[in-house]
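One structure is given here, and the rest of the page talks about it.
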Amino acid sequence: MDTKTQLQQEIRTLSEEKNAIILAHNYQPSEIQEIADYIGDSFGLCQKAQQIETDIIIFCGVRFMAETASILNPDKQVLIPDPSARCPMAAQLPASLIREAKVKHPSVPVVLYVNTTAEAKAEADVICTSSNLCKILEGLDTNPVLFGPDGNMAEYAKNICGYDVIPIPDHGFCHVHVTFSFDPQILKLQQEHPGAKLLVHPECDWSIQSRADLIGSTGQMLEYARNSPAQTFIIATEVDLVTRLRKEMPNKTFLPALQYAVCKSMKKITLEKVKASLLKNQYPITVAAPIAKRARKAIQRMLDITT
Ligand code: 13P
Ligand code: SF4
């Protein structure tokens, strides 16, 4: 047996002994996807986090995702195998900036992307993910709203959902998804593969979104590919979604729009760290109770609007 398989078996055994569940985001490397009890997009992970019965949640993703699981499960232990796995976009929107925007725009509701810290979420009226922004805006049905941190999703809100948004900060972005804007690779792939469907994450620039057959979350891309009669798909998001798509649909062709669209924060989670996490109960995610209470209200509102 090779070292990877041995480690994976040890993790599965430890996980059962400790009564833990392993949750993983779609951008996790394949060896982590293979040991997960559940793999999903941010919204799927929120929904799954509501139904946990184990004592421990091992969260293979970035910190804001683990924080959300902890906010929804205040009585459970949520562990992240590497505490430095943080989403740089979430760091672009400190809670103080939202408080300033609220003073400038009193009585304008605050809709925040789930890629935010718990402190930021505590300032929000409602949270959204890349799969449900239009539904959330329709649920509020007020114009304008304050929205952050992703500027490309703010464009999506205007162009696709038809709502006016005031972005906070002015130009928030995901450094992985903005790389698609500057690369002629997508056009080249479309020319080489006529008939291929282009699936684009809403964190990409509008110039790419506007050419897409589907603009959606990683989970929505998976669903689209499962249900589409098309054979070939160009995927404009982080490369490890392609890993999952290829594994689950070996008869279809998935082409990453960019090979180097890698979220380094997501790759900080390794099998060795997951094992250490289970053995040493590290690293616990804690959200101060008053922050968690306010953030939970905003997350719950999203879940109520969308389910
Ligand atoms: P999804 O919710 O679409 O999986 O996206 C999360 C994310 O971090 C995108 O960069
Ligand atoms: Fe954050 Fe971008 Fe990584 Fe998603 S891909 S976790 S938005 S840095």
Side-chain angles (χ1 to χ4, degrees), residues 23-29 32-33 36 38-49 59-69 80 82-93 111-117 120-121 127-136 147-154 156-157 160 169 171-181 199-205 208-209 212 214-225 235-245 248 256-269 299 302-303 306:
L23 304 185
H25 184 263
N26 285 325
Y27 296 160
Q28 285 295 294
I32 301 289
Q33 293 189 17
Y38 175 84
I39 319 168
D41 66 9
S42 306
F43 185 66
L45 287 161
C46 283
Q47 283 187 313
K48 186 71 190 169
F59 207 105
C60 300
V62 287
R63 190 183 171 90
F64 78 80
M65 295 176 175
E67 274 182 356
T68 306
I80 189 161
D82 186 327
S84 70
R86 289 169 186 263
C87 166
M89 177 159 62
Q92 293 166 11
L93 186 53
V111 180
L112 286 193
Y113 190 27
V114 71
N115 295 39
T116 40
T117 62
K121 285 187 180 74
I127 301 304
C128 73
T129 71
S130 52
S131 66
N132 60 23
L133 178 53
C134 291
K135 263 193 196 161
I136 299 298
F147 176 79
D150 190 55
N152 287 329
M153 282 189 64
Y156 174 91
I160 300 288
H171 303 287
F173 64 94
C174 160
H175 70 285
V176 179
H177 286 85
V178 293
T179 54
F180 292 102
S181 330
L199 315 190
V200 174
H201 199 277
E203 289 174 17
C204 293
D205 190 85
I208 312 290
Q209 291 189 40
L214 171 85
I215 311 168
S217 72
T218 56
Q220 287 170 328
M221 290 185 192
L222 202 90
E223 269 314 296
Y224 183 95
I235 307 297
T237 192
E238 213 270 353
V239 287
D240 269 318
L241 177 70
V242 176
T243 308
R244 182 170 177 199
L245 290 163
E248 294 192 11
L258 277 183
Q259 286 286 0
Y260 58 84
V262 176
C263 176
K264 288 198 182 124
S265 308
M266 286 280 180
K267 310 309 170 210
K268 288 191 170 182
I269 311 294
I299 299 167
M302 166 182 78
L303 293 165
T306 44

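One-based numbering, in listed order, for ligands and for the atoms of each.
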Taking [atom] as the reference point, the nearest protein heavy atom with its distance:
atom	result
atom 8 (O) of ligand 1	Asn115 ND2, 3.2 Å
atom 3 (Fe) of ligand 2	Cys263 SG, 2.4 Å
atom 6 (C) of ligand 1	Ser42 OG, 3.4 Å
atom 5 (O) of ligand 1	His201 NE2, 3.3 Å
atom 1 (Fe) of ligand 2	Cys87 SG, 2.4 Å
atom 10 (O) of ligand 1	Glu203 OE1, 2.9 Å

Tell me, do [X] and [Y] make a side-chain contact under 4.5 Å, heavy atoms counted?
X	Y	value
Lys268	Ser84	yes
Leu222	Glu248	yes
Thr237	Tyr27	yes
Met65	Met266	yes
Pro149	Pro169	yes
Val178	Asn152	yes

Does the N or O separation between [X] and ligand 1 drop below 3.5 Å for any pair?
X	value
Asp41	no
Thr218	yes
Asn26	no

- Going from SG on Cys60 to NE2 on His25, what distance comes out if it is rounded to the nearest 0.5 angstrom?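 So the gap between those two atoms works out to 12.5 Å.
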
- How long is the gap from CG on Leu112 to OG1 on Thr129, to the nearest 0.5 Å?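 Between atom CG of Leu112 and atom OG1 of Thr129 there are 13.0 Å.
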
- Task: Have a look at ligand 2 and work out which part of His175, if any, has a heavy atom under 4.0 Å from it: side chain, backbone, both or neither.
- Result: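 Only the side chain of His175 comes within reach of ligand 2.
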
- Task: Please could you name the atoms of ligand 1 that His177 approaches to less than 4.0 Å, counting only its heavy atoms?
- Result: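 Near His177, meaning under 4.0 Å from one of its heavy atoms, ligand 1 has 10 (O).
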
- Task: Provide the number and element of each atom of ligand 1 under 4.0 Å from a heavy atom of Ser217.
- Result: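 Heavy-atom distances to Ser217 below 4.0 Å select 3 (O).
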
- Task: Check whether any heavy atom of Met221 sits under 4.0 Å from an atom of ligand 1.
- Result: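 Flag not set, Met221 not near ligand 1.
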
- Query: Going through the distances and angles, do Tyr156 and Asp150 end up as a side-chain contact (heavy atoms from CB on, under 4.5 Å)?
  - Reply: CA-CA 10 Å; Tyr156 174 91; Asp150 190 55; over 6 Å; no

- Could you see which bit of His25 sits under 4.0 Å from ligand 1, with heavy atoms only: side chain, backbone, both or neither?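 Near ligand 1, His25 shows its side chain, while the N, CA, C and O stay back.
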
- Item | Met89: numbered ligand 2 atoms lying under 4.0 Å from its heavy atoms |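 Ligand 2 atoms under the 4.0 Å threshold to Met89: 7 (S).
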
- Task: Would you indicate which of Gly219, Cys174, Ser130, Cys204 comes nearest to atom 1 (P) of ligand 1 when only heavy atoms are counted?
- Result: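 Considering heavy atoms of Gly219, Cys174, Ser130, Cys204, the nearest to atom 1 (P) of ligand 1 sits in Ser130.
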
- Query: Among the heavy atoms of Glu203, does any lie under 4.0 Å from an atom of ligand 2?
  - Reply: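 Per 4.0 Å heavy-atom rule, Glu203 contacts ligand 2.
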
- Message: Yes or no: does Pro88 have any heavy atom under 4.0 Å from an atom of ligand 2?
- Response: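 Yes.
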
- Message: Any N/O/S atom, side chain or main chain, of Cys174 closer to atom 3 (Fe) of ligand 2 than 2.8 Å?
- Response: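 Within the cut-off used here (under 2.8 Å), Cys174 places no N, O or S atom near atom 3 (Fe) of ligand 2.
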
- Within the side chain of Gln92, is there an N or O that forms a donor-acceptor pair under 3.5 Å with the backbone of Phe173?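 Side chain of Gln92 to backbone of Phe173, a donor-acceptor pair under 3.5 Å: yes, one is there.
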
- Task: Determine the interplanar angle of the His177 and Phe180 rings, folded into 0 to 90°, and report it as parallel if under 30°, tilted if 30 to 60°, perpendicular if over 60°.
- Result: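 Rings of His177 and Phe180: tilted, 30 to 60°.
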
- Query: Which heavy atom of Cys174 sits nearest a heavy atom of Met89, and at what distance?
  - Reply: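 Closest heavy-atom pair between Cys174 and Met89: N-SD, 3.8 Å.
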
